[in-house]
Amino acid sequence: MWPGQGPAAGAGNGEVRGVPSLRSRALSVALIAAGRRRRFASAEAVRARVAETARRPASHLPPRSLGRVADVSRTFVGAWPVYDASPRGIEPAAQVLYVHGGGYIDELVRPHWSMIRTLVTQARARVVVPAYILAPRGTADRTVPVAADLLSGLIASGGAGGTVLIGDAAGAGLALAAAQRLRDRTGDQPSRIVLISPWLDLTMSHPDQAAIEAADPFQARSGLLEAGRLYAGTLATDDPRVSPLHGSFAALAPMTVFTGTRDVLTTDSRELLRRARADGVEVEFHEEPGLPHGYPLLPVPEGRAARDRIVDLIRSAAEE
């Protein structure tokens, strides 16, 4: 069922990368000590977090500092607040749909907004950011069509440069499912799809995950399974709307994928590499040894290099 198992499976061009930086190693230790993994430590922890969010909804508002470098507005698509951030005083060179992570149960947080700031200021991109409805109210059957509509509208709006679809973690799964749905509806695709530590298979059934989980400072399979169950709603967790790894990759846009070997979800990225290339899709693949989930959003040298690469990809889309 899972060809190419093992830590080196699908590792880009076979390139051996160096050991993680001292700063990234120290950060992983600090994250473990701070108990960051507790949020997804168990099904009970996830249910408790969802209940607390229902009582006290978290804010998804952008930080005030973003308004110093960007023109920020908010509209609504149905019940979704959708933020629009553009560089101040200049025409955007490209446009981005950014879909945030958080296991489908957490709102936008500061690291997401920090990445969005980077895309606005360094890539000169207009960045559209949906604060989609979280699980269990927001389920895949309702969420994926709205995300596909947003992507379709952004592509159709044209403007200077291309359209880049970016998602991190759970947001990467939603982004990929939206791209698959849009392909099936109209054949349209963005210029490129960028997936950061993507969560693409909510069944959490890959046999390599047990060994990786022990070193993951952020996540545990039992908690992820529960969050995935809440997001799936009445659908099976292997339904492509829930787990786009089980959908077709044919005729999708070129992809860039970032993952780290201390991420229990890195198996999803390796499987995407194999399946997408088998379907004829171009994939640029970055697997960093010793790096945790979401490292491109972290204040470490490897994260900065990943952000620089994403900026370059957006600039390339702008020149198409």
Side-chain angles (χ1 to χ4, degrees), residues 4 9-15 92-99 101 115 118-119 122-128 144 147-148 150-169 171-201 240 243-260 265-266 268-288 296 305-320:
N13 299 316
E15 195 177 329
Q95 47 194 4
V96 170
L97 179 61
Y98 184 90
V99 190
M115 171 67 86
T118 296
L119 303 182
Q122 296 186 23
R124 287 180 47 208
R126 172 197 176 198
V127 187
V128 175
V144 172
L150 270 174
L151 178 59
S152 178
L154 203 57
I155 294 170
S157 68
T163 298
V164 178
L165 174 61
I166 301 178
D168 74 82
L174 175 52
L176 182 57
Q180 290 171 335
R181 182 178 177 89
L182 184 59
R183 174 206 57 200
D184 294 343
R185 275 190 351 203
T186 66
D188 290 338
Q189 284 293 281
S191 305
R192 180 168 289 271
I193 301 170
V194 178
L195 305 177
I196 299 169
S197 301
W199 188 21
L200 307 176
D201 182 7
S243 297
L245 190 64
H246 295 278
S248 168
F249 288 86
L252 292 179
M255 297 184 189
T256 299
V257 180
F258 297 90
T259 189
L265 301 179
T266 197
D268 289 10
S269 294
R270 294 170 182 169
E271 283 297 314
L272 175 145
L273 178 70
R274 182 183 68 82
R275 297 182 190 199
R277 285 183 174 172
D279 279 347
V281 176
E282 172 196 324
V283 182
E284 175 187 320
F285 192 77
H286 302 269
E287 182 179 291
E288 287 287 345
R307 294 190 294 274
D308 288 346
R309 179 58 187 151
I310 293 169
V311 166
D312 287 343
L313 290 167
I314 296 170
R315 289 173 176 167
S316 296
E319 296 167 1
E320 291 179 357

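Note: I193 CD1 to L151 CG = 8.0 Å, rounded to the nearest 0.5 Å. We find the CZ-CD distance between F258 and E288 to be 9.5 Å, quoted to the nearest 0.5 Å. From W199, atom CH2 reaches atom CG of L174 across 12.0 Å, with rounding to the nearest 0.5 Å. For the atom pair L154 CG and T163 OG1, the distance stands at 4.5 Å (nearest 0.5 Å).
Summarising the geometry of L165 relative to P190, their closest heavy-atom pair is CB-CG, 4.0 Å, with the distance given to 0.1 Å. In plain terms, the two heavy atoms of V127 and Y98 that are nearest each other are CG1-CB, 3.9 Å. Across A125 and P92, no two heavy atoms sit closer than the pair C-CB, 4.3 Å. In terms of heavy-atom proximity, H246 sits nearest to P240 at O-CG, 3.8 Å. The two residues S269 and F285 come nearest to each other via the heavy atoms O-CE1, 3.4 Å. Contact between S152 and R185 at its shortest, heavy atoms only, is CB-NH2, 4.1 Å.
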Side chain to side chain contact (heavy atoms under 4.5 Å, CB included) between R275 and L245, intermediate numbers included: CA-CA 8 Å; R275 297 182 190 199; L245 190 64; 4.1 Å; yes

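For S197, the side chain to side chain donor-acceptor pair (under 3.5 Å) criterion is met by no residue, not counting sequence neighbours.
Between V96 and the options I310, L119, V128, V194, a side-chain contact (heavy atoms from CB on, under 4.5 Å) holds for only L119.
Defined by atom type and a distance below 3.5 Å, a donor-acceptor pair is present between the side-chain atoms of H286 and E284. Remark: the T259 side chain and the E287 side chain contain no N/O donor-acceptor pair separated by less than 3.5 Å.
In this structure, R309 contributes its side chain and T256 its backbone to no donor-acceptor pair below 3.5 Å.
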